[in-house]
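Below you'll find the structure, written out as structure tokens, and then a few comments.
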Amino acid sequence: MIDKNLGPSRYQALRFGLWIAMASITMMFAALTSAYLVRKPAGNWYEFKLPFQFFISTILIFLSSLVIEWAFQSFKKGNENSYKFGILASFLLGISFLGSQILAWKSLTAQGITIDLTVSGSFLYALSGIHAAHVLGGIAALMVSLLTAFLIKFEVSPMRILKFDLVRQYWHFVDILWIYLLIFLILQ
């Protein structure tokens, strides 16, 4: 959604660039999950249970998405304390998501599921690992938002709303993407 109060600018171009990037990432994961579906019936497919840490990850990133939305609404309303708390909480929940992903990979390794042992294990590591890399990009954006929140004078302006909105949209995107991947893996 383009803010009509802002003229064409590099920030509007950034918003369009973000949407293009999210579309590209979506297509990449669609291709990976399609490859998963094509490869699975070919045989030599090892079945295993998903580690419970993946479900904890889901809760963490979902909560983080809720909190960043609350922070964004608080920012727009000029509620500085809620905004700062929300950004900090989103950042910490995002870090916790990555931590639980690492624990899930350790659990898989402990079960003997390594990236080079089976095709099914390789797909699982690839799907979750590539997603984690995209979450790292979101963490970097949240870090910038966190520094902005605590080091720059609080001011609600159209440009700052737009910048925060870009971070918020990307964070919701990686949240939805993870939920899609988890549901896909459960159904398989």
Side-chain angles (χ1 to χ4, degrees), residues 1 10-39 50-72 86-109 113-116 119-149 162-188:
M1 188 76 54
R10 68 185 186 102
Y11 296 110
Q12 297 292 355
L14 285 173
R15 175 177 279 172
F16 183 70
L18 175 66
W19 291 348
I20 295 295
M22 289 189 301
S24 300
I25 293 167
T26 300
M27 291 177 69
M28 179 183 63
F29 277 99
L32 282 170
T33 52
S34 296
Y36 185 104
L37 292 173
V38 169
R39 176 60 182 87
L50 292 175
F52 78 94
Q53 290 91 349
F54 278 160
F55 298 97
I56 293 172
S57 295
T58 307
I59 293 168
L60 291 170
I61 201 163
F62 181 73
L63 286 176
S64 180
S65 201
L66 289 178
V67 171
I68 201 168
E69 186 63 33
W70 173 65
F72 181 67
I87 282 287
L88 179 61
S90 294
F91 176 77
L92 293 175
L93 286 165
I95 296 291
S96 300
F97 170 83
L98 290 177
S100 65
Q101 293 288 67
I102 291 168
L103 291 175
W105 296 327
K106 284 185 175 183
S107 173
L108 287 169
T109 303
I113 315 282
T114 59
I115 195 164
D116 58 348
V119 177
S120 55
S122 299
F123 265 107
L124 183 58
Y125 281 107
L127 289 170
S128 59
I130 293 170
H131 178 267
H134 288 94
V135 169
L136 272 176
I139 295 286
L142 280 174
M143 175 67 93
V144 171
S145 296
L146 193 61
L147 293 173
T148 300
L162 182 59
K163 288 178 182 177
F164 191 15
D165 190 30
L166 294 175
V167 174
R168 178 186 69 100
Q169 287 180 35
Y170 183 75
W171 199 247
H172 288 321
F173 170 72
V174 294
D175 177 17
I176 292 167
L177 185 60
W178 175 252
I179 291 170
Y180 160 73
L181 290 174
L182 186 66
I183 290 171
F184 173 82
L185 292 169
I186 289 170
L187 294 177
Q188 295 308 308

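Residue numbers start at 1 and run along the sequence shown.
- Between Arg15 and Asp165 there is a side-chain heavy-atom pair separated by less than 4.5 Å.
- Atom CZ in Phe54 sits 5.5 Å away from atom CG in Leu108 (nearest 0.5 Å).
- Among Leu177, Val174, Ile95, Leu142, the one residue that satisfies the side chain to side chain contact (heavy atoms under 4.5 Å, CB included) test with Val135 is Val174.
- Inter-residue side-chain proximity for Leu182 and Leu50 is flagged as met; some heavy-atom pair is nearer than 4.5 Å.
- Ala141 pairs by the side chain to side chain contact (heavy atoms under 4.5 Å, CB included) definition with Val167, not counting sequence neighbours.
- Contact record, Ala104 with Pro51: O-CG, 3.7 Å, taken as the closest heavy-atom pair.
- With sequence neighbours left out, the side chain to side chain contact (heavy atoms under 4.5 Å, CB included) criterion links Ile115 to Ser122, Tyr125.
- Using a 4.5 Å cut-off on side-chain heavy atoms (C-beta onward), Leu18 and Phe173 make no contact.
- The closest side-chain heavy-atom distance from Ile56 to Phe52 is below 4.5 Å.
- Screening residues 128-140 for side-chain hydrogen bond (donor to acceptor under 3.5 Å, both in side chains), with sequence neighbours left out, gives Trp105-Ser128.
- The 12-atom threshold is not exceeded at CE of Met143, counting heavy atoms of other residues, nucleotides or ligands nearer than 6.0 Å.
- Residues Phe97 and Ile139 fail the side-chain proximity criterion, which asks for heavy atoms closer than 4.5 Å.
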Checking Leu124 against Ile113 for the side-chain contact (heavy atoms from CB on, under 4.5 Å) test, could you report, in this order, the C-alpha distance in whole Å, the side-chain angles of both residues, the deciding distance, and whether it holds? CA-CA 10 Å; Leu124 183 58; Ile113 315 282; 5.7 Å; no
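- The salt bridge (Lys or Arg N to Asp or Glu O under 4.0 Å) analysis of residues 54-70, with sequence neighbours excluded, yields the pairs Glu69-Arg168.
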Counting only pairs under 3.5 Å, give me each side-chain donor-acceptor contact of residues 61-68, with atom names and distances, residues two or more places apart or in other chains.
residue: Ser64; atom: OG; partner: Ser90; partner atom: O; Å: 3.1
residue: Ser64; atom: OG; partner: Trp171; partner atom: NE1; Å: 2.6
residue: Ser65; atom: OG; partner: His172; partner atom: ND1; Å: 2.4
residue: Ser65; atom: OG; partner: Asp175; partner atom: OD2; Å: 3.1

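- The shortest distance between side-chain heavy atoms of Phe29 and Ile130 falls below 4.5 Å.
- Counting only residues at least two apart or on different chains, the side-chain hydrogen bond (donor to acceptor under 3.5 Å, both in side chains) pairs with a member in residues 177-187 are Thr33-Tyr180, Thr58-Trp178.
- Closest heavy-atom contact between Ile87 and Ser145: CD1-CB, 3.9 Å.
- Crowding of Phe16 atom CZ: a count of heavy atoms from other residues, nucleotides or ligands under 6.0 Å not exceeding 12.
- Put simply, the side chain of Phe123 does not reach to within 4.5 Å of the side chain of Leu185, judged on heavy atoms.
- Separation of atoms OG (Ser100) and CG (Leu93) is listed at 10.5 Å; rounding is to 0.5 Å.
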Could you go step by step and tell me if Phe184 and Leu37 meet the side-chain contact (heavy atoms from CB on, under 4.5 Å) rule? CA-CA 10 Å; Phe184 173 82; Leu37 292 173; 3.9 Å; yes
